2 protein chains.
Amino acid sequence: MPQVTPLRQQRTNCSDCRLATLCLPENLDDVAVNDLDGIIKRPRPLDRGAPLFHSGGDFRAIYAIRTGAVKTSRLLPNGDEFVSGFYLPGEVIGLDAINYNNHPTTAVALETTSVCEVPFSDLEKLSLNRPALQRHMMRIMSRELATEQTLNQVLVHRSAEQRLAVVLVSLSDRFGNRGLSPKRFRLPMSRHELGNYLGLAPETMSRIFRRLEKQELVCTDGRDITLLNQTELRLLAHGESEVPLRSGRA
Amino acid sequence: MPQVTPLRQQRTNCSDCRLATLCLPENLDDVAVNDLDGIIKRPRPLDRGAPLFHSGGDFRAIYAIRTGAVKTSRLLPNGDEFVSGFYLPGEVIGLDAINYNNHPTTAVALETTSVCEVPFSDLEKLSLNRPALQRHMMRIMSRELATEQTLNQVLVHRSAEQRLAVVLVSLSDRFGNRGLSPKRFRLPMSRHELGNYLGLAPETMSRIFRRLEKQELVCTDGRDITLLNQTELRLLAHGESEVPLRSGRA
DNA sequence: CGGGATCTTGAGAAGTTTCAATACTTGTGG
DNA sequence: CCACAAGTATTGAAACTTCTCAAGATCCCG
């Protein structure tokens, strides 16, 4: 009698994951990939709104998004929320927890989301003997760091309109890298969340979206976005003067 | 005939460096420290204004500040400058260059500054066999990451007054950790540079400093700062509601 | 189809920037 | 050692961007 693969939780592994080029180092041999595969857990998908980890919670693993989207945020005692990031398939969350051994942020699924859970102690052991893996970890963190710094400058030195342009371009690039259309996509987050991330009031978000539509740069239908003029939008995002902003996490 | 140590470039090494607790992992044995010491170069001190590396330049090494202070910034083609960070003794620069193999920022000495230069390829090799070192690298980067994220939120969601309070508290903590007075210190950067870092016009910086003086939180004499009421200043920085902002890089 | 959340729109208020003019430092050469 | 020049810091007034508040429209899930 042939073994039946359960429908819900079909056996997935790194070697035939579409996202491997984003997640994994280039020159990791098959043996190493298998070892890595061995330590990775693939929990059942999270429903919209379900937490992946909580701010202040113990750090045990880092997570790679497989499908869906996740937002990270800090929740203040008074109820205020500061959204610190949005993560798409192929991107890695939790690296900011390594040093203090607990998560500075809360991570929540924005839609049905499946992740690969990589226990960090296992990963550390594994990467001791694997230069490619060790280097890969450093690279991911280095890239995150550069991205955060770029974001800082965008948020601090750019107008509301430019900030929105920057995220739209970033999302476009990231969707594009994942084989989706860079021109048409659906925002996984609300305008409120996006505004919070950019430090803008929801009302401002609305107005800016409308302004971009008037300039015929984008077209919106709720969360559905169409980029009408990518060249101009990029010019706006990068501040005319062709700023070498590296946008996007991956 | 006894060997004479040159005055200018006296032999310094990690094992008797005052900053070792900031730079080095806790549980690195003496042998490992010696190995590390072996790959570290200690170039002659940089004069005020001298660059440590340039934006776009090849990534070869990371640098730990020994004495002095460094600012990192991105220089735009049109001449605009975006200051992205200030680094004090014991802090590490250049980690954001690992992934792309070139430096996204330019680093410049704000005063006479000496650094330890750690060639990255050597460091990678060394850390392969040394869990403590590998882990330490990850931690430093993770901490940087968390700090950048915190900074993001401060810059985006807080008023000019709060932003200034945040850097002052951060600097105070960092000077304090280095055995200097957390109450009285001299800013290594101009108000212009500090303002640029915080996304504030120099004029605003002036006004905010004045406002903090009127509230008797700080006292300024040019770049010399005295914190008069640290408790209140911290409360202001953290936004009344006791926000768990982790400030400072180290 | 209802009802809660989300989004839009307008008007006034607040905070920050810009511009312009003046004062102050700091380093340098006479 | 002083004077000067260049950079740096301060101050005021007007302009601009974004926020807040308030109300209405729309979307979407159950």
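To find a chain, count down the sequence lines: A is the first, B the second, and so on, and within it residues start at 1. As the structure is a prediction and not an experimental result, all values here were calculated from the model.
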The salt bridge (charged side-chain N to carboxylate O under 4.0 Å, His left out) partners of E161(B) (sequence neighbours excluded) come to R211(B)
Review item, nucleotides 16-20 of chain D N/O atoms under 3.5 Å of protein N/O:
residue: dT18(D); atom: OP1; partner: A160(A); partner atom: N; Å: 2.7
residue: dC19(D); atom: OP1; partner: G199(A); partner atom: O; Å: 3.2
residue: dC19(D); atom: OP1; partner: A201(A); partner atom: N; Å: 3.4
residue: dC19(D); atom: OP2; partner: A201(A); partner atom: N; Å: 3.3
residue: dC19(D); atom: OP2; partner: T204(A); partner atom: OG1; Å: 2.3
residue: dT20(D); atom: O4; partner: R207(A); partner atom: NH2; Å: 2.9

Across all chains, not counting sequence neighbours, the ring pair (Phe, Tyr, Trp, His ring centres under 6.0 Å) partners of Y63(B) are F53(B)
Treat primed atoms plus P, OP1 and OP2 as sugar-phosphate and everything else as base, then score nucleotides 24-30 of chain D 5' to 3': B for base contact with protein heavy atoms under 4.0 Å, S for sugar-phosphate contact only, - for none. -------
Identify every side-chain donor-acceptor pair in residues 223-231 of chain A under 3.5 Å, counting partners at least two apart or on other chains, and give the distances.
residue: R223(A); atom: NH1; partner: P188(A); partner atom: O; Å: 3.3
residue: N229(A); atom: OD1; partner: T231(A); partner atom: N; Å: 3.4
residue: N229(A); atom: OD1; partner: E232(A); partner atom: N; Å: 3.0
residue: Q230(A); atom: OE1; partner: R234(A); partner atom: NH2; Å: 3.2

Report yes or no: do T106(B) and S73(B) form a side-chain donor-acceptor pair below 3.5 Å? no
Can you find a side-chain donor-acceptor pair between R174(B) and S170(B) that sits under 3.5 Å? yes
Roughly how many Å is it from CG in L194(B) to C1' in dA9(D), rounded to a whole number? 13 Å
Who are the side chain to side chain contact (heavy atoms under 4.5 Å, CB included) partners of S181(B), not counting sequence neighbours? K183(B), R184(B)
Which residues pass the salt bridge (charged side-chain N to carboxylate O under 4.0 Å, His left out) test with R18(B), not counting sequence neighbours? none
Indicate whether the side chain of R143(B) and that of T147(B) have a donor and an acceptor atom separated by less than 3.5 Å. no
State which residues pass side chain to side chain contact (heavy atoms under 4.5 Å, CB included) with E193(A); sequence neighbours excluded, sorted by chain then number. K71(A), F86(A), L110(A), M189(A), S190(A)
Taken in chain and number order and not counting sequence neighbours, the residues that satisfy salt bridge (charged side-chain N to carboxylate O under 4.0 Å, His left out) with D47(A) are none
Of all nucleotides in DNA chain C that come within under 4.0 Å of a heavy atom of chain A, which is furthest toward the 5' end and which toward the 3' end? dC7(C) to dA11(C)
Roughly how bent is the helix from dC1(C)-dG30(D) to dG30(C)-dC1(D) end to end, in steps of 10 degrees, with each end axis from five pairs? 50°
Side chains of T72(A) and S84(A): is there a donor and an acceptor less than 3.5 Å apart? yes
Please name the residue in the list T67(A), I65(A), L46(A) that meets the side chain to side chain contact (heavy atoms under 4.5 Å, CB included) test with S114(A). T67(A)
Provide, to the nearest angstrom, the distance between the CZ atom belonging to F209(B) and the P atom belonging to dT8(D). 16 Å
Which ring pair (Phe, Tyr, Trp, His ring centres under 6.0 Å) pairs, counting each pair once, include a residue from residues 146-180 of chain A, with sequence neighbours left out? H157(A)-F82(B), F175(A)-F185(A)
